Amino acid sequence: MFYNLSKVLLNSIDKDGTQSGYDLKLIKRIANNLSIPLIACGGASSLSDFHDAIHLAGASAVAAGSFFVFVGLVFVCKYKIKNKHGSTH
């Protein structure tokens, strides 16, 4: 058994970089058997994927790479442009 772990970073290599959503079944299976925080990684394509990994599958936190490179930057740019023109979003 592993001792002195404070958290686990679970990276689904099958989903990593695919932007097809987190592996919710895997996250749920692992999270249900841990007493320490689980950080899910691999597959994020939208903000709803973050929500699902945490609220449906039981992850304590999420990590994402290509989401922020390919999706997140566009999202931030659109948000800044909308706000510059007076949007309340």
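Predicted model only: the values in this text are computed from it and were never measured. Values below: every heavy atom of this structure, side chains too, minus hydrogens, waters and symmetry copies.
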State the [atom1]-[atom2] distance between [X] and [Y], to the nearest 0.5 angstrom.
X: Leu38; Y: Ile30; atom1: CG; atom2: CD1; value: 7.5 Å
X: Ile36; Y: Lys7; atom1: CD1; atom2: NZ; value: 8.5 Å
X: Asp16; Y: Cys41; atom1: CG; atom2: SG; value: 5.5 Å

Closest non-hydrogen atoms of Ala57 and Ala31, given as atom of the first, atom of the second and distance, are O-CB, 3.9 Å
Taking every heavy atom of Val62 against every heavy atom of Ala53, the minimum-distance pair comes out as CG1-CB, 3.7 Å
Audit row: Val8, Leu34, side chain to side chain contact (heavy atoms under 4.5 Å, CB included) steps and yes/no
CA-CA 9 Å; Val8 171; Leu34 288 177; 4.0 Å; yes
Verify same cluster id: Leu5, Ile27 (apolar side-chain graph, 4.5 Å):
yes
Which residues satisfy the side chain to side chain contact (heavy atoms under 4.5 Å, CB included) test with Ala64, sequence neighbours excluded?
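With neighbours one apart ignored, the set is Tyr22, Ala44, Phe50, Phe67, Phe68.
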So the side chain to side chain donor-acceptor pair (under 3.5 Å) pairs with at least one residue in residues 24-36 (sequence neighbours excluded) are none
Quick one: which residue pairs count as a side chain to side chain donor-acceptor pair (under 3.5 Å) with a foot in residues 47-58, not counting sequence neighbours?
Ser45-Asp49, Ser46-Ser48
Other than Leu9, which residues form its hydrophobic cluster under the rule that side-chain heavy atoms must be closer than 4.5 Å?
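Ile39, which link up through side-chain heavy atoms under 4.5 Å apart, make up the rest of the cluster.
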For Ile13, what are the other residues in its hydrophobic cluster, where any two members join if their side-chain heavy atoms are less than 4.5 angstrom apart?
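For Ile13, no cluster forms, as it stays isolated from other hydrophobic side chains.
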For Thr18, enumerate each residue passing the side-chain hydrogen bond (donor to acceptor under 3.5 Å, both in side chains) test, keeping only those at least two apart in sequence or located in another chain.
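For Thr18 the side-chain hydrogen bond (donor to acceptor under 3.5 Å, both in side chains) partners, ignoring immediate neighbours, are Ser20.
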